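Comments concern the structure below.
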Amino acid sequence: MPELPDVEGFRRVLAKNGLRKAIVRVVVRDARILGKLSARTFAARLQGARLVAARRHGKHLMAKIDRGGWLTLHFGLTGALQFVPASGEEPAFTRVRLDFAGDGGLAYTNKRMIGRVGLVEDAADFITAEGLGPDALDKRFDFAAFDAAVSRSKRDVKAVLMDQAIMAGIGNIYSDEILFQARIDPAERIDKLAPGQRKRLFLKARAVLKAASAHGAGSERFAERTPKGSLLPERRKGGICPSCRSPLKIFKLGGRTGYCCPRCQGC
DNA sequence: CGTTATGTTCGATG
DNA sequence: GCATCGAACATAAC
């Protein structure tokens, strides 16, 4: 599920339900999600502490700990964060849970174990260490900066969009939507695009991510009530172009399966 | 049983 | 050095 709009939804969950409450219990159901970090160290750092700020960068979510440092959450392919009321049942595939004083808790779930929960001292250092470029919705990252970063690359546009070092937050699903909205062939080399096309690509990336984030839900939820003309609901076997009704083409690029409209995108 | 999956990384290869 | 490709990670769902 989790690309930028999904993680933005999780950030809201955290901001709404997880801030300024004392953490009375830290449950680690599967320590593998912590990587090398031990469950004991992790729990000790959070037990009795409070989360005081929630920040998202690309597909990463970070929560500032009042005693210092940050809790980091990465969702991989199947991760999610949800609030669990005090009386509520723990969701399936919960790997880590933080319980708050008298008021439920937050459950980090992850069906497949691809994803990470961790602790870092500094948020900016973490972003650097992860090799992340600017967040795709960061207003300071404008077209000029994007163009400078990509115009000399020879890679295909889809790979560039998904490159977290150039711009953080876009994955396989949203790259398809963005390329469809921009009417660009995913396999086209980015340096072969006319400057106007690159600009359109950048603006559509912004627009698609912004609209999806505003729905406050993940790409799955988004797919149920996407704006008219979205590729997303048709992104399946047998799907047709929402614009010209042509059967969508299914292709492979860099090991990922993508969808595009041969007629509208010339793919 | 085989196939596929929203992310990332690593090694081999061109 | 750069880019591409496949495999790996771990697991459920179709």
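Throughout, protein chains are lettered first and strands after them, A, B, ... in sequence-line order, and every chain is numbered starting at 1. Since we're looking at a predicted model, the values are computed, not measured.
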Integer-rounded Å distance: dT8(B) C1' and Leu77(A) CG:
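So the two atoms are 9 Å apart, to the nearest Å.
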Provide, to the nearest angstrom, the distance between the CZ atom belonging to Arg116(A) and the C1' atom belonging to dG7(B).
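In whole Å, dG7(B) C1' lies 12 Å from Arg116(A) CZ.
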Any strand is fair game: report the nucleotide pairing with dA10(C) by Watson-Crick or G-U wobble, both distances under 3.5 Å, or none.
none
Check whether any side-chain nitrogen or oxygen of His74(A) sits under 4.0 Å from OP1 or OP2 of dG7(B), and answer yes or no.
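The answer is no; no side-chain N or O of His74(A) sits under 4.0 Å from OP1 or OP2.
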Given dA5(B), is OP1 or OP2 found less than 4.0 Å from the side-chain N or O atoms of Thr257(A)?
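So the side chain of Thr257(A) is within the cut-off, an N or O lying under 4.0 Å from OP1 or OP2 of dA5(B).
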Protein-nucleotides 7-12 of chain C N/O pairs closer than 3.5 Å?
| unit_1 | atom_1 | unit_2 | atom_2 | d |
| --- | --- | --- | --- | --- |
| dA10(C) | N1 | Arg112(A) | NE | 2.7 |
| dA10(C) | N1 | Arg112(A) | NH2 | 2.3 |
| dA10(C) | N3 | Arg112(A) | NE | 3.0 |
| dT11(C) | OP1 | Arg32(A) | NH1 | 3.3 |
| dT11(C) | OP1 | Arg32(A) | NH2 | 2.6 |

Assess the residue pair Arg97(A) and Asp99(A) against the criterion (salt bridge (charged side-chain N to carboxylate O under 4.0 Å, His left out)); give the C-alpha distance rounded to whole Å, side-chain angles, the decisive distance to 0.1 Å, and a yes or no.
CA-CA 6 Å; Arg97(A) 208 182 73 226; Asp99(A) 288 341; 2.6 Å; yes
side-chain contact (heavy atoms from CB on, under 4.5 Å) between Thr72(A) and Val117(A): does it pass, once the steps are laid out?
CA-CA 6 Å; Thr72(A) 61; Val117(A) 174; over 6 Å; no
Using a 3.5 Å distance criterion without hydrogens, assess whether the side chain of [X] forms a donor-acceptor pair with backbone atoms of [Y].
{"X": "Gln164(A)", "Y": "Ile170(A)", "answer": "yes"}
{"X": "Glu3(A)", "Y": "Ile173(A)", "answer": "yes"}
{"X": "Gln265(A)", "Y": "Cys261(A)", "answer": "yes"}

Could you check whether the rings of Phe141(A) and Phe202(A) sit parallel, tilted or perpendicular, using 30° and 60° as the cut-offs?
perpendicular
How far, in whole Å, is dT3(B) from dG6(C) if one measures between their P atoms?
15 Å
